Every structure is written in structure tokens, then in C-alpha cells.
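Data first, discussion second: the structure below is written as C-alpha cells.
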Amino acid sequence: MMGRTIFIDPGRCIGCQACVSACRECDSHRGKSMIHLDYTDEGRSVASLPTVCMHCEDPVAPCAEVCPADAILVTADGVVQQADTTRCIGCANCVNACPFGVPKIDLQAKLQMKCNLCYDRTAYGLAPMCATVCPTGALFYGTVEELQAERPGVQVADTFVFGESEVRTGVAMVVPADKVQWPVPGGLPVVEVNGKDVRR
Amino acid sequence: MTADPRVADPRAAGPRAAGPRAAVPLDPSLAPPGTRAFRDAGGIPADQWHADQNGETLVPTHCCFCGVQCGMYLRVDRAGKVFGVEPRNHDINRMRLCPKGINAYQQVNHPDRLTAPLMRRSREEDFREVSWDEALDFTVAEIKRIQQTYGNDAFGLLGGASLFSEKTYLVGKFARVALKSRHVDYNGRLCMVSAAGANKLAFGIDRAGNPFSDILLTDCLLIAGSNVGECFPVMTQYVWGARDRGASLIVIDPRETAIARTADIHVALKPGTDSAFFNAVLNVVIEEGLTDETYLAAHATGWEEVKAKAAEYPPSRSAEICGVPAEQIVQVARTFARAPKAMAWHARGIEHHSQGVENCLAVINLCAATGHIGKPGAGYGTITGQGNGQGGREHGQKSDLLPGGRSIANEEHRRQICEIWGIEESELPPAGTSMMEMVWQMRRREIRGLIGICNNPFVSLPNYKVVKEGYDTTEFHAQFDFFLSETAANAHVVFPVTTWAEDEGVMANAEARVVKHNKAQDPPPGVRTDTWVMCELARRLGAGDKFAFAGSREVFDELRIASAGTVNDYYGITYERLEETGGIAWPCPSIDHPGTPRLFEDGRTYHPDGKIHMQVVDWHPPMDPYDDEHPMSLTTGRTVAHFLSGNQTRRLGALVEQTPRPWAEIHPSHGFRNGEPVRVVTRRGSEVFPALVTEAIRPDTVFIPYHWPVPTSANALTIDALDPRSKIPEYKVCACRIEHAEKIDEVPAPPAAPGHVAYPETQVSRTDPLPPTAPQGRGTSERS
């Protein structure tokens, strides 16, 4: 089973963006937040969820795979690091490759930046800043056993399908216990391409 | 980045070296705070950060904003300047922080800080920076001129509930002893006085009955009129904790808030109909035999009258008044009354009404009738909006109260305080009027001069036109603040005072837990503490011997003595004990007393007969009637990124980015598109906002957040009708209509500090390739 990692629980998210502010305050990225807050049903509900890097494991991070400059490195314990500043050419291949829409490009600096699971804090045994402050526990850092001890019956998923492809991730998502599917559908369904309904 | 034995050399590993992520063996003493392993390891080291290596120090303190009062560390650099924040494992928040708390530190060294007194002799002149002596002398001369010409009561004082309790004590004492004026009140009058009044009437004590931690023990949690997710985000962890253990959640709110979204029952009732709803719930409880008659017989008075009144509110009648299905009322009654342990928490949503006190009493009647009082996991609470909304009124800042919550109309109470203050009872003025009433008096020239401390009525009071006229009519107006607020910009003198990080003092949070804030840095040159300014003004007014305080500690020691023997007893609370314990709930009558986190455990209230005095509640319509021209309800509230009048948060880059402007939230049935300018018209005026079209609001209701000044100010539209008992304004409902508008007049924004001020030399560009999202994500998918 997975080790100490982040668990995302959209059911608990209140959209406050404390994670976004906390990430900005964290020393890792010096003033730039690496978290997106997404709204899943805009105009109908206030439902929201934070998106951090999912630290893909299998296949090895698509962002790293497509990087022409070998700038995105993956550590032995599975953390997909942000682009190495001495190698990154700001081409945005990683942005296009990521199935979760995570990496950002700083256009002026021509540099990719993304969540690196707060190495500067986890190295000291602290939780990443986002999961530490999250007022609701929508972001939880620990092992799955610790999560389940705190939230009896909680179910998590770390495998997602995108069409034909399947991605197993180092960061896991809490899914409703009564709706467990394996693997969990990832991304939004593609309905229309160039004005043509592709479902037919 | 530091060397860590767990971290393999990334270059050696190469981009394809990932394998299964193994559980890393963890030194228990380094278990991540907030996790089970951390607790199992004994909770140490509590929240150590690598402070030593960076040459920084961590000062334990609390957030300056809402009534949750989260513990936090302020990061202080080698030069003694606050430059960041670090979570703190305090009992209240267990490391959690909301975006306001995370960004709060940025105001300490913000470029907009006032660092010299500003003065002008008339409002036609521009401000000029002057010496402290000149500003103080001018202020004292104006106070004397006005009081000698028009009488002592022609000069008023308005305090604030974000001040430390020591300072709120001084505000009350300064008004009555140095100014000798009856006119003192505070902005907590806009916050939770309705709940305070109801609690005092029913229980003889003005505070929540249970600590936050009791929420985790309850089987049914009822939240009425509180957008917990945005106004008190850190409290959500208790709500979700209760849910994890199977508790039912009932939310009463006209909007589908983040909390309402996951509730078992969300009652989206029409604004201004809360007491009709709660009376009907009580009606069902009675009809279905779910009352706790044993409890009522032993511990309550007035039950028969309350029961008779509830009979007038069958669910069918209230369903029509409230605009909700009668079945929902029945469902709420059964869920709440049948739960072994149930709790009710409420906030401004039911308190900001011309019948705010009655709404709170209706909730108390329900708790009492079902016997859900004074037990772990069973009871009631009110969630304080301002950091010291609870403590701010306990020690004499409110117009009708003396320290210790004593009544200024009670002869015995007056004598006790006069003895402590060393004045004759004949010198102590009678009760004054409330904050809004003082503004009306300013407009009528009954109050000619005013000092405001830590408040911003130009944004926070209802009916802006009346407020502006009131302030413009004053002959002299001085304001204490650390930023030039909209109200300070109207003043003759502005005193630059400290932020919460530059002084020490206590606040009482929504649980009535007294916590200590510590000084993290020296104030900038030219800035003084509010305590110093009040004492210096008092000295120049000839009352220096009564204000010989060197700092907060001396004031607190006098406050402790002044509260001894009262219901609001602080005597046993000392700075040292607060440092050791992380907070003590009052009453705490002696040094060895542990404090009182939960009230009424012995079944006795603080009335002499020890009983709950249940009060009859009748519903009446809101004060602003609906008609063909104004058929809809306007309701106001807060957004998670901003605090109250926004004077503090509207300057902080990250929070401005998160929520840059207000909006009018409306239902799609009105045919407006998202982002389209809409004019919201009430009998006070009209303002234009971008529409935020969402199904998460009642079709007959419009919501506008109130943190901004004119020309996009919600409070330019709200009504200054007051609850007759608590004198709280009816912010949460007035009649309105919405129309198409051509364009929005943007608020001229004050300069915002960068989102992060810690590392300016390495800060990366803020260019963000991502498209902007709709504010708060509440927009419709049909983007215009």
C-alpha cells in the first residue's frame, strides 16, 4: 500500500483556498502557489476541490516522460519534482501531457513549476503546508491507515482511467464509499471536438 | 532544500526511476503534526520548525481576525521583523488556518501603514503629518471646547471588538472617567449582541454554552444562519469531525453554502422568517411528544407560555411564511429532538434582524424543550464574527455595561466599579445609546465630537447615506487606526496605532475561551499602542492618575479585579496561566480554578433561581416591506477572503486576488447572464454589481458581500432598522429589486501588498497562463 502521501477529499472542500495561500507561503516555491482550486458544478453548486500534483507512478509521470530536456526528475520514493531550473526550456510539453492539468509555466521566467510534495517540510517530518493548514481536512497528509483511523469507512482510489489509458498515482483521492469504482474515471468526458459530437 | 536520507539523488535516479511508494520509517518524534502518528508519539515536538537554521524565531500568538482565534506562530527574522506565518498546534485549530489567517501577517509591515499622526483643522484641508504632541493637544482642545459648549455627552467614543480585552476595558473607562460622557459603544453592536441579549435573558450569562470540541461528540448538529465554511472556516473541521462519527447535519440558510451542500437537511428559508420556522419546529416537537418534560419541570420557567405560542405556528403556516416545504420542518424537528445529543450553533444570519434577539430565543426554546443543554455534545453556541466579539463587550465597552458585565443601571454594580476606579458614583454617567443611534444623534447634532477606535462604520454600518451625513455633521472626529480606512479619511485627526502583532493582550473567542496574543515585533517608529494614546489623552484631560498604566499587563490586572465576583469572572486568569494552558474559559474565579468550558453541567443557569427563563417568541415581518417595486429580499454576508469592512484584507495581495470585488448573487430564473452588470435597488439607493448567476440561492433572494465601500457597497442599500432590545441593525433582510445596468463602477482599490513578502528578491513573476475563474466559482457555466 502507498506510504505517507496526500489524500484529497473533495467532499470536505469548502473552497476557501487556504491551501492556495499556504502553498504560496511555503518555502518551496517562494511566493507562487502550485495548487489549483477547481469548481466541479459551477452555476449549480459551490462544490469545489483542490488539485495538487498527483505524482503519477505508473506509467511514470507523463510530464517527465515528454520532457525533451529531461528536466523533470522523479525521486526514488516517487515524488515527481518540479522542473530543474538549469534544464527547463519552458516548452510547456509537460502542461500538455499532464492528465490532471497540474504543471504551470511561468511565461516570463520560461520555467515550469509544480507541486513537489513540500520536500522542504517532509524532510523534517512535517506535513506539506497545504495539508497542514487545510481547515477541513480536504487535504490530508499521512498513510491510508491513518486516514481510515480518523475517518472510519473512508475509501480511496489511486488509479484513474482516461479513455483507454490508466494512470496510477502517488497521491490518492477519497471517493464516496457507496460509489466505489475501480479504477476511477479521470477527467471530464469528451463530448465535442471541433463542434462535432464524438459520442455518436 | 535540505539533505534527507529518505531522498535519493534525483539525477542518479533519472526520470524513469519511480517505483511503488514505500511507507517511510518515521522517527516518532518527527511524526507530522496533525496526523495520528503525531498524536501517538505524544504530540512532540509540538510544531517545531527549522527556525534555528534560518535565524528566525517563532512567536506563539493567535490570528487577529474571527472569533475562532486560531493559534499561529509569527515568523520573525533576525532584524526583529514579522515576515511569515507557521501553523501552530493549538487546541482550538490543531494547525489549521484559513486564507485570512495565513495572510494576516502581511499587514504588519505593509507599505500602507500609518506611521505619523495625521491632522487637519477642517475637512476641506488635506491631511498633514504632525507630531504626536500637536495631534494630542488639538484633540484635547477640541474635546474641551465641545464639552464646555454643549455638555459632556456631546462627545462620544466608539470602540471595536477586534481590540484586546484590556483595550476594550480602557475604552469604557476612558469614556466614563476621562471624557465623563455616557456615549460609548462599539462595533460588536453590529455582531453578536442579539445572541448576547437572548443568552442573558434565558440563562443569565452571555456566552456560548459549549466548547467547539463538544461538536465532535454530538449526534445532531443544527447550524442556523451561519456560513461556517467562509466566515469561520477552521470551525468546519469540527463539523466534518461530527459527520465522520455519524452525526446528522441540519443547515438553515437561504443559500446553499459549502456546509449546506453536504447537510442531511438544508432548509433554504426566506430571509427574515427564522422565528416562524423555529416556532413551527417546536410545534412539531410538542405535537409528537418529543419534549423532555422532566428536564423542563426541573430546570425551566415560562414553558407553558412558550408552548401556547408554539401552538399558533403549525408547520403549514410557517411553511408559507418561510417559503419551505412543511415536511422539512417536521423532518428537522424529528431529527433534532430524537437525537440522543443535539447542538445548535447560530451566527449573524439569524441575529442581524429587527427581531434578532427573538430568533436566538426561539433556538434556545428548542434546545430547552428537548433537554439538549449542558451536556457533552448537547447545548448551544453563537459563533462570534470578530476576534474579540465575545470579550469586547464583557468589560464595559458596551453602552449599558460596566466591567464584568455589570449593568450600568444597577446601583450596586455602579458602586462597586466606582470604588475600583476611585470616583464618586455621581460622576459615573448613565447608559448611553447604541452605535447606530449615536450616528443618528451625530446627524441631529446631539453628539458633536467623536473618537473612533478600531472600527470602520463607513463600510460596516447600514444605510451609508445616513452614516456619512452623521459623520460629516460632527465638528471634530478623531480615529485610531493602522491603515487609513474609509472612516479615518473623514477624520480631523488620525492616530497611527499598533497592529495585533506589536502588543500583547487577551481575547475571548466564541467559546468564551480567553487566549493570549503575544508581541512579535516592535511597532514602526512613530506608531503607539492604543493603550498609550488613551492614557496620554486621559492625562491631558486631567484624569492621568486614573490611567497610570505602563502597558497591557497592568490594565489586565485591574480588569481581573474589576470582574471579580461577577458572572464574567476573570480573576483567576493570569497571563502566565494563559501561556501555560493555551486558554481558559471564564468564569474563572480563583487562581486554582480550571475555568468553565461547558456551562450548566449541574443543571443550574446563572439566574438566581438557577433555571432557564424561556421567553415567548412571536414572528413579525422584516421592517422593510415588500411591494411591487421591491419584491425581493436582499441579504448580505461575508466572503472567505475578506474580513468585515475589508480595511485590513482589501490591501493584502493574495486575498485581493482571491476575491477582488463584490458581486450580486442571483438565481438563473431572472434571466441575467453571469458577469452581466445588474443594478440592485432598495429604498436607500441603488448600486451596480456583476451578477453571479447560480442555483445555490433562493429565486426571491439576492446576496451581496459587504466588505467594500461605495460605489459597490452592500451597506449603501441595507436598512438601519434596529432590534428594539439589542439595537443590532437588520442587515440580513431588506426589500429590493434587480434591473439590467450598463456598467459597473469599480471600487478604487487601495494598493495591495504582494502575495508574499518574505522573499522579494527571489519572487517569481506573477504571470499566470491560466484563465481567470469566476469569483468563488459560483458562476454559471453559461459564461457571457
Side-chain angles (χ1 to χ4, degrees), chain A residues 2-5 11-12 14-18 20-22 24-25 30-32 37 39 42-48 57 60-61 64 67 70 72-78 81 104-109 119-120 123-127 132-137 141-143 146 149-152 170, chain B residues 1-2 4 6-8 10 13 15-18 21-24 26-27 30-32 34-37 50 84-85 87 95-99 102-103 229 233-234 236-237 240 244 256-258 261-262 640 654 658 693-696 755-756 759 762-765 767 769 774 777-781:
Chain A
M2 67 194 77
R4 196 165 290 279
T5 187
R12 299 169 91 91
I14 53 173
C16 73
Q17 302 200 36
V20 175
S21 273
R24 186 184 284 117
E25 289 302 315
R30 306 256 168 132
K32 190 94 175 164
L37 192 86
Y39 298 91
E42 284 189 51
R44 278 176 287 279
S45 166
V46 293
S48 56
E57 288 187 343
V60 168
C67 177
D70 258 4
I72 302 171
L73 309 176
V74 183
T75 60
D77 58 351
Q81 295 287 0
K104 290 181 177 181
I105 297 289
D106 184 317
L107 294 174
Q108 284 187 347
Y119 251 40
D120 61 325
Y124 281 88
L126 292 170
T132 306
V133 303
C134 176
T136 66
Y141 182 75
T143 63
E146 288 166 349
E150 291 222 336
R151 303 175 196 173
Chain B
M1 194 90 47
T2 51
D4 180 347
R6 297 190 298 135
V7 182
R16 293 166 195 278
R21 205 165 141 68
V24 180
L26 198 71
D27 175 353
L30 289 178
T35 64
R36 180 164 294 278
H50 48 297
V85 66
M95 313 287 277
R96 316 298 198 194
L97 289 171
C98 81
I102 293 165
N103 290 289
V234 172
T236 314
Q237 64 175 313
W240 287 171
D244 287 341
E256 186 212 67
T257 60
R261 181 173 70 81
T262 62
V640 69
Q658 188 172 334
V693 180
T694 174
E695 289 171 20
H756 188 292
Y759 304 101
T762 57
Q763 193 172 336
V764 296
S765 150
T767 308
R778 285 162 164 272
T780 175
S781 47

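To find a chain, count down the sequence lines: A is the first, B the second, and so on, and within it residues start at 1. Atom set for the values below is all heavy atoms of this structure, side chains included, hydrogens, waters and symmetry mates excluded. Quick caveat, the model's predicted, so the values are computed rather than measured.
Put simply, the side chain of Asn103(B) reaches to within 4.5 Å of the side chain of Glu25(A), judged on heavy atoms.
Nearest heavy-atom pair, Val234(B) versus Pro135(A), reported as atom, atom and distance to 0.1 Å: CA-CB, 3.8 Å. The two atoms that bring Arg24(A) and Ala654(B) nearest to each other are NH1-CB, 3.1 Å, heavy atoms only. Scanning both residues, Arg44(A) and Thr694(B), for their nearest heavy atoms gives N-OG1, 4.3 Å. Here the closest heavy-atom approach between residue Gly229(B) and residue Ile14(A) is recorded as O-CD1, 3.1 Å.
Among Cys67(A), Ser21(A), Gly11(A), the residue making the largest number of heavy-atom pairs under 4.5 Å with chain B is Ser21(A).
Rounded to the nearest 0.5 Å, atoms OG1 (Thr262(B)) and CZ (Arg12(A)) are 10.0 Å apart. A distance of 10.5 Å separates CD in Gln17(A) from CD1 in Ile102(B), rounded to the nearest 0.5 Å.
A donor-acceptor contact shorter than 3.5 Å is absent between the side chain of Gln237(B) and the backbone of Cys134(A).
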